[in-house]
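Single-structure report; data block below.
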Amino acid sequence: MANQKGKIDKLSLFLIPIGIAVNFIGGQIAILLKLPLYLDAIGTIVVAALCGYWPGIVVGLVSNILNAISSPTTLFYAPLNMAFAVVAVILSKRKWFKNFFKTVLSALFFALIGGGIGACITWLVYGFDFGSGVSAMFSIPLHQTLGLPKFVAQFIAETSIDVLDKVITVIAVFGVLKAIPMRFLAKLPLGRIYIKDAEMYEDDED
Amino acid sequence: MAYIELKDVSYRYPYTKEQALKNVTYSFERGKFYGIIGENGGGKTTLCNLIRGLIPHFYLGRLKGEALVDGVDVRDWDTGEISAKIGYVFQNPFTQISGIKETVFEEVAIGLENLGVPKDEMIERVINVCEMLNIEDLVKNNPNELSRGQRQRVAFASIIVMDTDTLVIDEPTSQLDPEGTESVFEIIRSLKESGKTIILVEHKIDLIAEHCEEILVMQGGKIAMSGPTKAILSDFGTLDLGTMIPATAVFGHAMKEAGKPLADIPITLDEAVELVERRGE
Amino acid sequence: MAIEVKNASFVYPNGFKALENINIVINEGERVAIVGQNGAGKTTCVKMMNGLNKPTEGDVIVDGMNTKDKTTAFIAKSVGYVFQNPDEQIFNSTVRAEVEYVLRYFKLPEKEIKERVKRAVQLTDIAGYLDINPLDLPYPIRKFVAIAAVIASKPKYIILDEPTAGQDKHGTETLSMMISELEKDGVTVITITHDMDFAVANFDRIVAMSQKKIIADGNAKEIFWNEDIVSRARIKKTQIGELAKRLNVPGEVLFCEELVEKL
Amino acid sequence: MHVEFGNSFKKFYKTGNFWCDLYPTTKLILCFTVAMSTIVMNNWIYGFSVCLFYFIFAFFTGHGKQFTKTFLILFVIIGLFLVVIRQVGMRTGNVTPMFEIFGWIWYRESFITSLDVSSYMLGFAGGILLFFDTTPMRDLMYAFEHMGVSHVTSFIMLSSMQNIIDLRKTSVAILESQKSRGIETDGNILVRSKAFFPTISPLILGAFSSTEEKSIAMDARAFSVKRKHTFLRELKPMSQIEKILCLLFSLALISLTVWKIAAALIK
């Protein structure tokens with residue numbers, strides 16, 4: 001309706017910078033409330049769920065580029081955010097975000113992807129070994145005490161850290177998608193999914 | 001000659017039941033100053049959106065009837081190209097700042113950059129507009145750190161610099177303090193002399209009374225009343241349409257009822273002073 | 001019972017001094033309008049009354065409790081504050097959910113919630129919008145939704161920040177009615193406003209602020225017919241007041257009926 | 001004064017620093033090739049030498065303080081941390097003990113590997129950091145637009161950065177607003193987690209709603225008119241010397257890579 005294939009429609013375009021900023025601010029609010037979480041993917045998921053693949057992917061990618069200005073190694077993790085966007089679009093099209101329990105369940109997907117791709121990237125970037133940062137604190141004991149292979153240890157560590165983070169993330173996404181005003185949804189590519197009784201309005205020609 | 005012509009226009013926003021405009025017919029003439037007043041939800045902003053070419057392209061929904069801007073149907077106007085014809089300023093002082101420029105001077109020049117105006121001409125035009133709107137002192141400031149009133153003046157400058165022949169101004173002062181409001185009033189005063197077609201939506205009825213030549217009162221998506229400013233604002237019946245009339249007009253009516261009628265119903269302060277003084281003679 | 005601000009000053013963490021030695025007592029049942037230029041310190045001052053800003057010097061006592069000893073959320077039960085921008089507060093998907101939100105947060109009984117919401121909705125005249133998404137409503141009505149949410153939490157004092165901004169005739173009338181109804185419910189209303197007609201018509205006590213200080217505190221006539229205060233606080237007389245002044249009508253006229261009578 | 005300021009745009013924008021006034025693309029290519037070279041080399045002596053060079057060079061560009069601040073943080077979290085972790089991670093190939101800390105033996109092999117890895121991580125990060133410290137985003141976008149990238153891309157990048165600043169302010173206001181409604185933001189983790197939703201939601205909803213107006217406002221300034229744009233603020237175009245420099249650095253990186261791959265294959 002509002003967009004042609006492969007081209008980002010106007011409103012989605014203006015939503016991209018907001019999505020990017022939300023990715024940053026989510027983490028900052030977490031700090032403000034002293035929550036030990038990242039909460040840095042909310043913008044990506046919401047924009048992807050409403051606007052589709054390209055806008056979501058751009059939000060993910062640019063977020064990482066901007067992050068790289070102060071910490072360049074985050075650049076390597078861009079595929080992660082982009083993958084979140086893709087998954088969010090798929091789930092959104094299947095109406096997962098309209099149901100609270102499915103939404104909470106989706107956190108598991110995001111965490112698995114976060115853990116899987118995250119561990120792969122860490123693996124590659126850090127010369128086939130552990131990375132630095134929080135996940136290393138968990139992955140090394142796993143490797144040492146349980147004797148798990150390094151990659152598996154890294155994967156498990158990254159996934160479990162991610163689960164709680166992503167649960168909070170998707171609940172926030174759910175709340176936002178539920179409260180987006182209709183006049184706004186009407187102009188977004190995937191907005192129709194979230195309009196209550198959309199069909200009711202479609203057929204009555206006046 | 002009619003510049004903007006609405007013929008039996010009805011419009012409904014997507015996913016709504018009620019029409020936001022109902023059978024509106026009106027002609028806006030070139031070079032006149034129009035005021036649009038009326039209750040909230042009466043269709044004032046929708047009318048602006050229509051004239052601005054945002055309906056139906058941006059808002060989608062269902063448009064019926066004919067709406068011509070400079071002889072071309074709004075459906076056929078390109079949303080980009082129409083911006084060179086009709087300028088638009090609205091209430092929110094924050095969303096009208098682009099957020100991508102670091103000085104007010106550059107901010108004001110955005111429209112000209114987008115239109116491909118040569119640099120020397122661009123600089124000259126921006127300088128002129130800054131002088132006209134008294135924002136010379138702000139040119140080096142970061143537009144993202146200004147007060148609301150200053151932002152609103154920059155928003156005006158950014159549109160006026162494009163030199164469109166029509167300006168649609170939607171509640172420019174509703175989020176400003178008295179000082180900011182006063183500075184916007186001044187801009188509107190100077191615009192009046194520029195000979196442009198101006199369409200102003202405003203709740204501050206004193207401003208309307210002072211500047212507008214013609215008034216449209218919107219109610220329930222219809223033009224409930226229209227005519228010369230004086231006729232509309234001195235009419236007590238206008239109050240029933242969900243809009244204020246100037247305090248001086250209320251005073252004029254009260255005088256009449258108290259058996260001390262003035263020669264006319266005043267709609268501005270100056271007029272009121274004059275009429276009361278004349279009564280004493 | 002009262003809000004007492006005693007010798008209070010406030011300096012922002014960045015070192016900016018926003019208030020100097022403020023003294024004011026607002027008693028239960030009063031209606032107070034705070035007027036003055038932007039930057040005079042009005043908002044900083046009311047934020048002190050609900051504990052958002054803890055005075056850097058002096059004390060603020062709300063019904064006997066010092067705001068320094070309590071969290072803002074706790075004081076909010078006594079002093080409700082409706083921010084100027086309703087969008088900084090609204091996030092629920094229907095007006096009803098928005099108004100009920102805090103009541104559910106406090107886990108009040110269902111019956112109580114129903115009653116409170118009913119009253120709040122009635123006072124703000126938003127009964128017709130309960131099942132609509134607040135963000136689908138125009139700005140002035142969203143403002144009423146925000147007000148209703150605070151009224152429903154039943155504070156003893158309600159602070160309104162610029163309630164008339166963008167309101168039409170109906171909206172302004174609703175506000176006037178709401179304020180007098182709240183008075184009947186025993187709620188103290190404090191408002192910050194630039195709208196002098198609104199202040200004169202609805203508030204019997206007007207506090208003028210200028211440059212971080214309270215410069216005058218009295219009834220409308222005392223404030224608006226004191227040229228010194230008017231110019232220092234940079235406020236504008238009402239149109240009728242201005243007319244009376246230009247016509248040299250004696251007796252500090254502010255209202256239409258008075259003026260008609262005197263001519 | 002405003003006339004003077006306006007006319008200052010008639011000249012190319014300059015900071016007065018030799019490096020900073022190079023064309024953004026030049027800086028990008030130079031920084032990027034040097035940054036990549038540390039990865040290709042994978043050698044701690046080379047990597048750390050480059051890092052040292054970054055430091056000295058950053059002071060030369062007048063951005064030394066800024067660079068040092070961020071780079072030191074990276075140095076701690078990537079450099080030191082990685083070296084320590086590697087001593088735990090590597091189990092095979094360790095033959096030469098170096099020293100012992102409380103019974104924990106550090107081996108020379110794993111120590112060198114860890115130095116190599118952290119040197120290229122830092123070498124890469126430092127190059128990127130140096131580039132962004134000395135090149136404002138708007139300059140980079142200016143160069144991109146001249147290469148034919150849409151002005152929409154510039155808008156997205158620049159507006160995102162401003163949005164981060166603006167939304168941070170808004171989030172503080174929202175937090176205050178919700179506190180004033182009675183929502184607790186202090187207390188145990190559950191209470192604080194609960195406060196997250198009433199804070200983030202109005203933030204996103206408000207920001208989303210504002211895009212509607214933003215797009216209208218930008219449209220009113222001919223944002224979507226399809227014409228060739230002009231630029232008020234202009235940068236000096238790439239000089240011949242800059243072009244040659246870029247070419248040389250790129251060739252050097254390519255030959256280095258080829259040499260490294262060849263060497264690995266021969267082995």
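Proteins come first, then strands; the chains are lettered A, B, ... in the order of their sequence lines, and each starts at number 1.
Within the 4.5 angstrom heavy-atom criterion, only backbone atoms of B:Leu112 (N, CA, C, O) approach chain D. For D:Ser215, the part sitting under 4.5 Å from any heavy atom of chain B is the side chain, from C-beta outward, and nothing else. Heavy-atom distances place no part of D:Ile165 under 4.5 Å from chain B, backbone and side chain included. No part of B:Leu138 comes within reach of chain D, as not one of its non-hydrogen atoms sits under 4.5 angstrom from that chain. Neither the backbone nor the side chain of D:Asn163 comes within less than 4.5 Å of any heavy atom in chain B. For chain D, the nearby part of B:Leu54 is the side chain; its heavy atoms alone come within less than 4.5 Å. Using a 4.5 Å cut-off between heavy atoms, B:Phe58 contacts chain D through its side chain alone, with no backbone atom that close.
Interface remark: of the candidates D:Lys228, D:Glu212, D:Met137, D:Glu212 forms the most heavy-atom pairs closer than 4.5 Å to chain B. Put simply, of D:Ala217, D:Ser154, D:Gly6, the one with the most heavy-atom pairs under 4.5 Å next to chain B is D:Gly6.
Using non-hydrogen atoms only and a strict 4.5 Å limit, no part of residues 178-203 of chain B faces chain D. Taking 4.5 Å as the heavy-atom cut-off, the residues of residues 159-177 of chain B that approach chain D are B:Ile159, B:Met162, ordered by number.
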### Task
Could you go through the salt bridge (charged side-chain N to carboxylate O under 4.0 Å, His left out) check for B:Glu145 and B:Arg151 one step at a time?
CA-CA 9 Å; B:Glu145 288 163 7; B:Arg151 280 169 196 256; over 6 Å; no
### Query
Does the salt bridge (charged side-chain N to carboxylate O under 4.0 Å, His left out) test come out yes or no for B:Lys140 and B:Glu102, once each step is laid out?
CA-CA 8 Å; B:Lys140 282 185 183 175; B:Glu102 289 179 12; over 6 Å; no
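Without hydrogens or angle criteria, B:Asp137 side chain to D:His2 main chain gives no donor-acceptor distance under 3.5 Å.
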